[in-house]
Amino acid sequence: TGADLTLQLFDEVNRPGQNVSVKVEASKPIVAERPMYFNYKGTWAGGHDVMGANAASDTWYFAEGTTRNGFDEWLCLQNPNANAIGVDATFMFGPGQGGNQVMNFNLPPNSRTTFKVNDLVGPEKDVSVALTSANDFIAERPMYFSYNGIWAGGHDVLGANGASDTWYFAEGCTGFSIQEYLCLQNPHSEAVAVD
């Protein structure tokens, strides 16, 4: 029969103050999400939610990101392998913000590693990132913000494990004091036309 089970990770880990990655395995197919609620910096309160990855991948893309004032961007990388792996990151910036920056990260075996993008690329950048490895891993991008000094909160997304020529968005709104953006990442070395 269908059922819902909610576990509070604090109780499961029983170790306060830890950064945690999770691998969920079941005897039959299930669905797993991870909601989080926070008071980031003591002033940016909110919550975010993300579906789990169905599988690890050797490539992850994030089209959206910013290190502008009032935004803290993070990369959370999980290495589910029994051996250490290397991950190459290519940071791509908005117009007039400089050329790509390439960095290499080493992830210990069976680990979560967290990077603050603001510290990696500097302030006041609009930034996309492509992550690649010879081994499969998982990548998420949480962000916390005080948008225009009036909307505080955060959001999180699992990376796309491939580029596509078609994307759909069922939700969107330009009313009720909502500001909607569309962030596009071109990982190719030539220009791409988009409708």
Side-chain angles (χ1 to χ4, degrees), residues 9 12-13 15 17-25 32-36 38 40 48-68 71-95 97-145 154-165 167 181-192:
L9 271 246
E12 300 302 316
V13 173
R15 291 172 59 197
Q18 301 298 304
N19 292 324
V20 179
S21 286
V22 179
K23 180 180 181 180
V24 177
E25 293 183 294
E33 288 184 54
R34 194 214 49 246
M36 291 180 66
F38 54 83
Y40 185 80
H48 53 63
D49 184 36
V50 67
M51 297 292 295
N54 292 126
S57 175
D58 61 3
T59 303
W60 296 95
Y61 296 100
F62 297 94
E64 200 265 351
T66 188
T67 64
R68 290 178 184 262
F71 289 85
D72 282 356
E73 179 181 354
W74 299 85
L75 285 175
C76 297
L77 309 181
Q78 181 187 35
N79 176 12
N81 301 290
N83 55 291
I85 67 170
V87 173
D88 296 324
T90 302
F91 294 95
M92 304 166 208
F93 303 104
Q97 295 182 347
N100 293 353
Q101 288 184 19
V102 178
M103 299 178 190
N104 310 102
F105 306 123
N106 292 311
L107 308 184
N110 297 309
S111 68
R112 167 189 160 162
T113 305
T114 304
F115 300 98
K116 188 174 182 182
V117 176
N118 303 55
D119 295 340
L120 297 176
V121 303
E124 299 302 311
K125 301 277 190 179
D126 297 316
V127 57
S128 295
V129 63
L131 301 166
T132 59
S133 177
N135 303 92
D136 289 346
F137 65 104
I138 297 93
E140 290 184 45
R141 193 223 48 240
M143 291 181 64
Y144 301 94
F145 54 82
H155 54 72
D156 184 31
V157 67
L158 188 65
N161 56 17
S164 176
D165 58 8
W167 293 92
Y181 294 85
L182 190 62
C183 298
L184 308 179
Q185 178 186 27
N186 175 12
H188 305 287
S189 57
E190 67 275 354
V192 173

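From a predicted model like this one, the values you see are computed outputs, not experimental measurements.
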Q: Applying side chain to side chain contact (heavy atoms under 4.5 Å, CB included), run through Val157 and His155 and close with a yes or a no.
A: CA-CA 7 Å; Val157 67; His155 54 72; 5.9 Å; no
Q.
One pair to check against salt bridge (charged side-chain N to carboxylate O under 4.0 Å, His left out): Glu140 and Arg34. What are the steps and the verdict?
A. CA-CA 12 Å; Glu140 290 184 45; Arg34 194 214 49 246; 2.9 Å; yes
Q.
Apply side chain to side chain contact (heavy atoms under 4.5 Å, CB included) to residues Leu120 and Phe91 and explain how you reach the verdict.
A. CA-CA 9 Å; Leu120 297 176; Phe91 294 95; 3.9 Å; yes
Checking [X] side chain against [Y] main chain: does a donor-acceptor pair fall under 3.5 Å?
X      : Y      : answer
Lys125 : Phe93  : no
Asp72  : Lys116 : no
Asn81  : Asp136 : yes

Rounded to the nearest 0.5 Å, what's the gap from [atom1] on [X] to [atom2] on [Y]? Could you check?
X      : Y      : atom1 : atom2 : result
Met51  : Glu33  : CE    : CD    : 4.5 Å
Gln78  : Thr114 : CD    : OG1   : 11.0 Å
Asn161 : Leu131 : CG    : CG    : 12.0 Å
Met143 : Asn118 : CE    : CG    : 8.0 Å
Ile85  : Ser111 : CD1   : OG    : 7.5 Å

Q: Could you check if a side-chain atom of Val129 sits within less than 4.5 angstrom of a side-chain atom of Leu75, using non-hydrogen atoms only?
A: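 In short, these two side chains touch, coming nearer than 4.5 Å.
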Q) Is the shortest heavy-atom distance from the side chain of Thr59 to the side chain of Tyr61 under 4.5 Å? A)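 They are in side-chain contact.
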Quick check: closest heavy atoms across [X] and [Y], and the distance to 0.1 Å?
X      : Y      : value
Ile138 : Pro80  : CD1-CG, 3.9 Å
Thr113 : Pro108 : OG1-CD, 3.7 Å
Phe137 : Asp58  : CE2-O, 3.8 Å
Cys76  : Arg112 : SG-NH2, 3.5 Å
Gly86  : Asn106 : CA-OD1, 4.0 Å
Pro123 : Thr67  : C-OG1, 3.4 Å

(Q) Would you call the rings of Tyr144 and His48 parallel, tilted or perpendicular, taking 30° and 60° as the class edges? (A)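 It falls in the tilted class, 30° to 60°.
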Q) So Leu158 and Trp60, side chain to side chain contact (heavy atoms under 4.5 Å, CB included) or not? Walk me through it. A) CA-CA 9 Å; Leu158 188 65; Trp60 296 95; 4.0 Å; yes
Q: Evaluate the side chain to side chain contact (heavy atoms under 4.5 Å, CB included) criterion for residues Asp156 and Trp74: first the C-alpha distance (whole Å), next the side-chain angles of each, then the deciding distance (0.1 Å), finally the verdict.
A: CA-CA 9 Å; Asp156 184 31; Trp74 299 85; over 6 Å; no
Q) Is the number of heavy atoms from other residues, nucleotides or ligands within 6.0 Å of NZ (Lys23) greater than 12? A)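 Atom NZ in Lys23 is not packed in, count stays at 12 or less.
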Q: Can you establish whether the number of heavy atoms outside Asn54 located under 6.0 Å from its atom CG is more than 12?
A: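 It does not: Asn54 CG has 12 such atoms or fewer within range.
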Q.
Could you tell me if Thr66 and Asp126 have a donor-acceptor pair between their side chains, going purely by distance under 3.5 Å?
A.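 The criterion, which ignores hydrogens and geometry beyond distance, is satisfied for Thr66 and Asp126.
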